[in-house]
Number of protein chains: 4
Amino acid sequence: MGVNRQTQTKQSILDAALYLFHLKGFHATSIRDIAGKAQVNTANIAYYFKNKQGLLEYCFISYFEEYVRVLDKNAADLEEKGAADCLLDMVYDILSFQRKNFLASSFIYGEVLLDSSLNREIFSTYLMKEKYFFQLILEYGIEQNEFENISVPMYILQLKGMLNAPIAHSQYAREVLHVFPQETYYTEKYAEQVSRFLQATLFCPFNHEKKQDNHQLLLL
Amino acid sequence: MGVNRQTQTKQSILDAALYLFHLKGFHATSIRDIAGKAQVNTANIAYYFKNKQGLLEYCFISYFEEYVRVLDKNAADLEEKGAADCLLDMVYDILSFQRKNFLASSFIYGEVLLDSSLNREIFSTYLMKEKYFFQLILEYGIEQNEFENISVPMYILQLKGMLNAPIAHSQYAREVLHVFPQETYYTEKYAEQVSRFLQATLFCPFNHEKKQDNHQLLLL
Amino acid sequence: MGVNRQTQTKQSILDAALYLFHLKGFHATSIRDIAGKAQVNTANIAYYFKNKQGLLEYCFISYFEEYVRVLDKNAADLEEKGAADCLLDMVYDILSFQRKNFLASSFIYGEVLLDSSLNREIFSTYLMKEKYFFQLILEYGIEQNEFENISVPMYILQLKGMLNAPIAHSQYAREVLHVFPQETYYTEKYAEQVSRFLQATLFCPFNHEKKQDNHQLLLL
Amino acid sequence: MGVNRQTQTKQSILDAALYLFHLKGFHATSIRDIAGKAQVNTANIAYYFKNKQGLLEYCFISYFEEYVRVLDKNAADLEEKGAADCLLDMVYDILSFQRKNFLASSFIYGEVLLDSSLNREIFSTYLMKEKYFFQLILEYGIEQNEFENISVPMYILQLKGMLNAPIAHSQYAREVLHVFPQETYYTEKYAEQVSRFLQATLFCPFNHEKKQDNHQLLLL
DNA sequence: GATGAATGAGTATTCATTCAT
DNA sequence: TATGAATGAATACTCATTCAT
């Protein structure tokens with residue numbers, strides 16, 4: 001019972017926390033709210049995560065650890081697959097990852113405004129890693145003449161905006177546009193659209209067509 | 001002195017609030033923080049804005065009122081200027097508006113965590129208006145064969161992600177990409193890049209070149 | 001205009017104050033409530049009555065000044081009219097005075113007009129039960145010809161006043177009458193007096209004497 | 001220790017609250033006052049009673065619960081003891097109950113124990129005058145053999161309770177008894193009843209009848 | 001592992017009052 | 001005579017956290 005119960009208590013705290021952080025934001029969520037929703041005693045949060053801040057960090061780190069793993073996996077085959085294919089696959093996997101971890105994504109990219117310097121550090125560390133992978137692929141693609149010679153940082157910013165749109169504007173998507181970013185169908189449609197952007201603005205004409213076909217197969 | 005003093009006190013509260021909301025988020029900012037930064041008495045916030053929520057709503061509404069005015073102004077000449085030009089100009093003006101109102105933009109699009117139903121309503125109202133203008137231009141362009149026949153809602157979502165990137169990822173831009181979205185130079189560069197996206201994915205070949213030239217002139 | 005307006009402002013403050021003091025009690029009434037109801041500026045209260053306490057004192061004094069005048073007028077003819085007549089007239093005039101100055105009387109004699117509706121409900125529930133018991137006994141007694149055929153509600157009101165007197169007027173009892181309602185001795189004396197009232201006004205002659213004896217035993 | 005400590009903390013809050021509510025009134029008593037007097041932390045009040053209002057309700061309910069029990073116990077033997085005895089016993093028990101729960105009774109029945117000493121003085125001054133008049137008449141009547149030789153202070157207290165009943169219990173009168181003390185009709189009826197009390201308990205037989213007739217004329 | 005009690009510092013808000021105009 | 005602006009102290013309440021059990 002001991003181990004199960006521990007895991008269960010800890011997990012239910014995490015679930016409740018993520019849900020409420022997403023719903024009301026970190027500061028507007030009290031430790032009692034979380035304990036209430038998780039149906040555990042308040043003091044358990046201190047027991048498992050030291051304090052509220054510790055709980056937050058746990059959420060951050062476990063989210064980003066997995067995220068970086070997704071990026072890393074994709075970047076591994078860069079030379080084998082070529083830059084264009086690699087980027088297309090990565091785009092797809094990022095969008096999938098965000099959809100699967102919707103609550104966390106939404107909360108983390110929503111309340112990026114970090115007061116404590118520790119959070120800022122965590123954040124920076126992981127985003128630096130993210131940048132590293134994007135840059136790697138883009139520069140490799142440019143070097144190999146697969147990609148146009150675009151401004152890498154600017155292009156990353158633009159791409160990142162697009163990738164986060166279904167998260168950052170999910171309420172807008174649902175309530176105003178009647179698009180539902182949490183459903184697989186829409187993620188695939190949206191991935192297609194991002195790949196169209198890449199093909200139209202980044203890929204050199206020759207590779208363009210070939211890669212598109214490849215990816216279409218991959219998606220289906 | 002009376003009028004001046006009132007305006008001054010009220011304004012300094014607003015400035016402090018926006019700065020701190022942006023820095024730490026709404027819930028992490030106490031009314032004492034704001035009063036302290038604005039160097040006014042705490043009770044003045046209640047005097048001018050009824051309460052913290054009222055202050056927030058004032059920020060929201062005054063921001064969005066101006067934003068909608070920008071959209072409206074641009075949409076006015078739709079038939080005269082044509083859809084492509086109109087959209088390019090609007091993109092440019094939106095990015096400019098966001099840069100000028102950086103703190104507010106950043107706060108509002110960062111912490112979209114709408115706990116109160118009133119906030120939600122305000123938000124929805126304005127975003128609905130925004131969608132109206134985008135839709136108007138896109139559908140007009142498609143009808144006039146200026147634009148490709150894209151999926152309007154999906155395209156808006158993608159565009160919105162791109163437009164908000166310099167705001168939503170400003171910390172990332174500065175600290176990781178070394179791109180500074182608050183400087184005019186970068187805004188113009190970024191606007192160019194967004195227009196390249198539009199030309200490559202939306203504008204029909206024939207109109208494409210003509211409009212691009214027009215806009216280049218406009219930017220310089 | 002000056003004088004009229006002054007009188008009018010002052011009077012409307014007084015009216016509003018009395019109404020609200022009566023409704024919510026002195027401490028629960030804010031100076032802004034009063035100013036709001038009177039439709040004058042808050043600072044006027046300070047102007048006319050120095051402060052909130054001054055306003056209260058003004059209410060007290062003007063009420064009691066008139067009250068004493070009523071008493072005085074009645075006592076004047078004591079020797080001429082005789083004590084009994086004098087007392088009867090005074091009773092009548094006091095009741096009339098209280099009715100005319102109902103708000104002030106009510107406030108000064110401290111009826112807790114319960115602001116929250118929940119309190120009100122609690123109160124009503126229990127008082128209804130209380131009434132039920134009184135009514136039960138009285139009606140039974142009347143039916144059994146133990147009691148005179150009095151008006152039940154009126155009689156309950158009178159009885160209730162008498163029963164609460166040691167509480168409602170305990171300060172008065174102690175400081176003015178030198179009677180100490182918290183001591184058992186006085187409670188018993190007072191109980192005797194109430195029973196004398198019942199015997200004289202309620203019990204039918206036959207039962208009267210018997211019951212009195214019974215109760216005397218019970219008390220000792 | 002756990003149980004004891006809980007009960008002790010909770011009880012000391014209750015005692016302090018009752019004392020202070022009685023002393024200064026509910027709204028004039030702050031939660032800090034209570035916590036201070038009870039020598040517990042302010043937050044404990046929230047812990048045990050949710051909030052100030054909850055504390056008030058707890059006081060109310062526990063008071064009335066016991067009160068109703070007293071009434072119930074007495075009414076049980078109605079048929080066995082007969083109405084008169086039953087009523088006499090009930091009167092005695094109510095007075096005892098109120099004396100035992102003096103603070104609560106006093107607070108609930110809304111004696112405004114005036115906090116500021118100035119108010120107290122004003123109050124005393126006028127009530128002294130009132131007493132003077134009552135005493136004057138009563139003593140004169142006794143001396144002239146118009147009145148029975150009653151205890152003057154006790155009689156004044158009883159009379160005062162009766163006189164204030166329509167004020168002190170006006171809500172009760174209206175909502176429970178359906179008697180409306182603000183209407184002239186009821187005032188006159190009530191005055192009659194008070195005069196009947198005077199005649200039955202104060203006036204000497206001889207004067208009794210004569211005075212009653214006189215007063216009847218006076219009233220009509 | 002888990003809990004109820006308790007705490008002190010913090011929150012937003014409201015208050016009576018003052019003052020220059 | 002009347003007002004809007006401003007203030008500092010006080011309000012009820014909530015918070016994250018600690019600790020004995």
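Numbered from 1 within each chain, the chains take letters A, B, ... in sequence-line order.
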In whole angstrom, give the distance that lies between atom [atom1] of [X] and atom [atom2] of [N].
X: C/Lys10; N: F/dT1; atom1: NZ; atom2: C1'; result: 13 Å
X: A/Tyr48; N: F/dT17; atom1: OH; atom2: P; result: 18 Å
X: A/Phe26; N: F/dA16; atom1: CZ; atom2: C1'; result: 10 Å
X: B/Asn51; N: E/dT13; atom1: CG; atom2: C1'; result: 8 Å
X: B/Lys52; N: E/dT11; atom1: NZ; atom2: C1'; result: 8 Å
X: A/His27; N: E/dA12; atom1: NE2; atom2: P; result: 12 Å
X: D/Tyr47; N: E/dT7; atom1: OH; atom2: P; result: 12 Å
X: B/Ile13; N: F/dA6; atom1: CD1; atom2: C1'; result: 10 Å

Task: Point-to-point distance, once rounded to the nearest 0.5 Å, from OG1 of B/Thr9 to OH of B/Tyr48 - done: 5.0 Å
- [ ] Give, for atom CZ of D/Phe60 and atom CG of D/Leu55, the distance between the pair rounded to the nearest 0.5 Å.
- [x] 11.0 Å
Open item on the list: Tell me if a side-chain donor or acceptor on D/Asp33 pairs with a main-chain N or O of D/Ser30 at a distance below 3.5 Å.
Closed with: yes
Task: Donor-acceptor under 3.5 Å (B/Asn51 side chain, B/Gly54 main chain) - done: yes
Task: Earlier contact from the 5' end, DNA chain F, for D/Lys50 and A/Ala46 - done: D/Lys50
Open item on the list: Under 4.0 Å from OP1 or OP2 of F/dT1: is there any side-chain N or O of C/Thr9 that close?
Closed with: no
- [ ] Quick one: the dot-bracket string of DNA chain E, using Watson-Crick and G-U wobble pairs with both distances under 3.5 Å, [ ] for crossing pairs and | for bases paired to another strand.
- [x] .||||||||||||||||||||
Task: Between B/Phe64 and B/Phe123, ring centroids under 6.0 Å - done: yes
Task: Other residues, nucleotides, ligands: >12 heavy atoms within 6.0 Å of B/Tyr19 OH - done: no
Open item on the list: Once you measure the plane-to-plane angle for B/Phe102 and B/His22, does it fall in the parallel (<30°), tilted (30-60°) or perpendicular (>60°) bin?
Closed with: perpendicular
TODO: Give the ring-plane orientation class for B/Phe21 versus B/Phe26, where under 30° counts as parallel, over 60° as perpendicular and anything between as tilted.
DONE: perpendicular
- [ ] Tell me, please, whether A/Tyr58 has A/Lys50 positioned over its six-membered ring: NZ or CZ under 6.0 Å from the ring centre and within 45 degrees of its axis?
- [x] no
Open item on the list: Heavy atoms within less than 4.0 Å of DNA chain F: which residues of residues 30-45 of chain D have one? Give them sorted by number.
Closed with: D/Ser30, D/Ile31, D/Arg32, D/Ala43
